[in-house]
Amino acid sequence: MHRNNFDFLRILFAVLVIISHSYDLSTPENQTTSILHPVINTISLSYWGVRGFFVISGYLVLQSLIRSNSVISFLWKRIVRIFPGLILILICTLLLLPFFYTSPIPYWKNSEVLSYFPSNLSLFKLQYSIEGIFENNPYPKIINGSLWTLRYEFFFYLLLSPLFFLKMNIKLVRIILIFSYILSYILYFYFSSSNSSYLNIKLHFTDLSLFFLAGCIFATFNVSVTINSKLYILLITLIILISFISKEIVDYLKYVYYPVLIILFANMYMKPLEYIPLKFGDLSYGIYLSAFLIQQSILSTFSISPINLMFATIFISSIYGFLSWNFIEKRALSFKYLF
């Protein structure tokens, strides 16, 4: 039994994304009356939630690579973790969308409907919209804006896989990861100040890779320490104080302190935090994949405040996450040692 807080953190990060999207999707920019919206935008909860996923992923996936018997075995375990849940949400999406369809073209004869499943299953040719779906939403047309992270996630798995052949020399693996981290750091700030083509993709790639690589680097040290909660609070307080002195410094250092805080907290075993994962399973992936679609569906049907949208989405997506984990994802993982 693993005594850690990883499952709790993943659920927390999924909820952070829901909170942020509840405001972003329900109210056009600069037209909100909620006093919470400026605060949520400033903190950027969805940003930190998604980046938290990548830190944990890097940490756990490198450990999986080291334990694997072959590259094929490693990649197969990644496939059975990502694709069953993705296939389920894509099927559920296509079955749900007819209730919101307004195009005169028959639903199943619309070429965009037919291409939605294979395009998004490919990860690298994402299709975000279908003509006649969510056309009049405050944030129009986008069906599931959370799918974009999966292509980076899986691409990082592919980039990491050659390190399998060096896993017996963990110091060399660590050096390569640190070098890659430094290179990504330099490239991110270079792209940030440039106007090159495909700028968003380059920024997303380098930004996400820094958090992923930070998690990987931690895994090479086999972090399993117990940190005093008072010391942890002191670290957070120090970061907050530095942010008052210079927000730029905090922004430059986020690729260091955020992974540190996550990995240290994840290894601080807190029994109350394991209640939901032990009782209901790993709901985080199902919550993350379904929440955006649920929010857009609610907003297409009801006039609802961001706070009510948030609670409704957390409730419905948690049910979906429970069903997805227990009937699809968990069963798929039973095949992870097939290779």
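Computed from a prediction, not measured in an experiment: that's the story for all the values here. Any value given below was found using the heavy atoms of this structure, including those in side chains, with hydrogens, waters and symmetry copies removed. One is the number of the first residue; the rest follow in order along the sequence.
In this structure a side-chain-to-backbone donor-acceptor pair under 3.5 Å is missing from Asp7 to Glu274. Side-chain N or O atoms of Glu329 include none that pairs as donor or acceptor with a backbone N or O of Gly85 at under 3.5 Å. Between the side chain of Gln127 and the backbone N or O of Ser129 there is at least one donor-acceptor pair closer than 3.5 Å. A side-chain donor-acceptor contact under 3.5 Å links Ser73 to the backbone of Phe339. Side chain of Ser57 to main chain of Phe54: no donor-acceptor pair is present (N/O by atom type, distance under 3.5 Å, no hydrogens or angles). No side-chain donor-acceptor contact under 3.5 Å links Gln63 to the backbone of Leu60. Not a single donor-acceptor pair under 3.5 Å links the side chain of Trp108 to the backbone N or O of Val113. At least one donor-acceptor pair under 3.5 Å links the side chain of Ser119 to the backbone N or O of Ser115. Without hydrogens or angle criteria, Arg174 side chain to Thr220 main chain gives a donor-acceptor distance under 3.5 Å. Counting only distance, with no hydrogens or angles, the side chain of Ser161 and the backbone of Leu158 share a donor-acceptor pair below 3.5 Å.
Applying the 6.0 Å contact sphere to OH of Tyr107 captures more than 12 heavy atoms from other residues, nucleotides or ligands. Within a 6.0 Å radius of CD1 in Ile72, no more than 12 heavy atoms belonging to other residues, nucleotides or ligands are found. Counted within 6.0 Å of CG on Asn136, heavy atoms from surrounding residues, nucleotides or ligands total 12 or fewer; the atom is thus considered open. Under a cut-off of 6.0 angstrom, the local environment of CZ in Phe124 is crowded, with over 12 non-hydrogen atoms contributed by other residues, nucleotides or ligands. The environment of Lys141 atom NZ is sparse: at most 12 non-hydrogen atoms of other residues, nucleotides or ligands sit within 6.0 angstrom. Surrounding CZ of Phe155 are at most 12 heavy atoms belonging to other residues, nucleotides or ligands under 6.0 Å away. Around atom CZ of Phe83, more than 12 heavy atoms belonging to other residues, nucleotides or ligands sit under 6.0 Å away. For Ile276, the CD1 atom sits in a loose shell: 12 or fewer heavy atoms of surrounding residues, nucleotides or ligands are nearer than 6.0 Å.
Close placement of the Tyr288 and Phe53 rings is indicated, their centers lying within 6.0 Å of each other. Checked against the 6.0 Å centroid threshold, Phe205 and Phe156 count as a close aromatic pair. For Tyr255 and Tyr181, the ring centers are positioned 6.0 Å apart or more. A centroid separation of 6.0 Å or more is found between the aromatic rings of Phe292 and Tyr128. Annotation: Phe315 is not in aromatic contact with Phe311 [ring centroid separation under 6.0 Å not met].
Closest non-hydrogen pair, Leu62 versus Cys216, comes out as CD2-O, 3.1 Å. The minimum heavy-atom distance linking Leu333 with Arg81 is given by the pair CD2-CD, 3.9 Å. Heavy atoms only, all atoms of each residue included: Ile263 and Phe6 are closest at CD1-CE2, 4.4 Å. Of all non-hydrogen atoms in Tyr258 and Phe211, the two that sit nearest each other are CD2-CE2, 3.8 Å. Considering every non-hydrogen atom in both Lys254 and Tyr47, the closest pair reads NZ-OH, 3.0 Å. Here the shortest heavy-atom pairing between Met310 and Ile18 reads O-CG2, 4.0 Å.
For the atom pair CG (Leu121) and CD1 (Ile91), the distance works out to 9.5 Å, reported to the nearest 0.5 Å. A distance of 8.5 Å separates CZ in Phe100 from CD1 in Ile133, rounded to the nearest 0.5 Å. For the atom pair Asn169 CG and Leu163 CG, the distance stands at 11.0 Å (nearest 0.5 Å). Taking CG of Leu94 as the reference point, atom CG of Leu114 lies at 9.0 Å (rounded to 0.5 Å). For the atom pair OH of Tyr59 and CZ of Phe218, the computed distance is 9.0 Å after rounding to the nearest 0.5 Å. Considering CD1 of Ile314 and CD1 of Ile316, their distance stands at 11.0 Å, rounded to 0.5 Å.
Cluster membership check: Tyr190 shares its hydrophobic cluster with Leu199, using side-chain heavy-atom separations under 4.5 Å among Ile, Leu, Val, Met, Phe, Trp and Tyr. Grouping the Ile, Leu, Val, Met, Phe, Trp and Tyr side chains by contacts below 4.5 angstrom, directly or via other members, places Tyr275 with Phe8. Cluster membership check: Phe164 does not share its hydrophobic cluster with Met168, using side-chain heavy-atom separations under 4.5 Å among Ile, Leu, Val, Met, Phe, Trp and Tyr. Cluster membership for Leu75 and Tyr337, using ILVMFWY side-chain heavy atoms within less than 4.5 angstrom, is not shared. Ile175 and Leu183 fall into different hydrophobic clusters, where Ile, Leu, Val, Met, Phe, Trp and Tyr are joined by side-chain heavy atoms under 4.5 Å apart, directly or via other members.
Side chains of Phe134 and Ile143 form a contact here, defined as non-hydrogen atoms less than 4.5 Å apart. For the pair Thr93/Asn120, no side-chain contact is recorded, criterion being any heavy-atom separation below 4.5 Å from C-beta on. A heavy-atom distance below 4.5 Å is not found between the side chains of Phe189 and Thr206. With contacts defined as side-chain heavy-atom distances shorter than 4.5 Å, the pair Leu160/Leu177 qualifies. In this structure, the side chains of Tyr152 and Val50 stay at 4.5 Å or more apart for every pair of heavy atoms. Residues Ile294 and Ile298 are in side-chain contact: their nearest non-hydrogen atoms beyond the backbone lie under 4.5 Å apart. Counting heavy atoms from C-beta outward, Lys167 and Phe74 have side chains that stay 4.5 Å or more apart. By the 4.5 Å heavy-atom criterion applied to side chains, Asn4 and Leu9 are not counted as neighbours.
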Side chain to side chain contact (heavy atoms under 4.5 Å, CB included) evaluation trace for Leu86 with Phe154: CA-CA 12 Å; Leu86 175 60; Phe154 196 75; over 6 Å; no
Should Tyr320 and Ile89 be marked as a side chain to side chain contact (heavy atoms under 4.5 Å, CB included) after you check the CA-CA gap, both sets of side-chain angles, and the distance that decides it? CA-CA 9 Å; Tyr320 177 89; Ile89 192 62; 3.5 Å; yes
The test is side chain to side chain contact (heavy atoms under 4.5 Å, CB included); show your working for Leu309 and Tyr23 and say whether it passes. CA-CA 9 Å; Leu309 177 64; Tyr23 287 85; over 6 Å; no
Applying side chain to side chain contact (heavy atoms under 4.5 Å, CB included), run through Lys202 and Leu187 and close with a yes or a no. CA-CA 9 Å; Lys202 292 176 180 177; Leu187 288 175; over 6 Å; no
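Sorted by first then second residue, the side-chain hydrogen bond (donor to acceptor under 3.5 Å, both in side chains) pairs that include residues 294-318, not counting sequence neighbours, are Ser22-Gln295, Asn137-Gln296, Ser305-Asn308.
Between Tyr157 and Phe212, the two ring planes are tilted [angle within 30° to 60°].
No side-chain donor from either of Asn144 and Tyr116 sits under 3.5 Å from a side-chain acceptor of the other.
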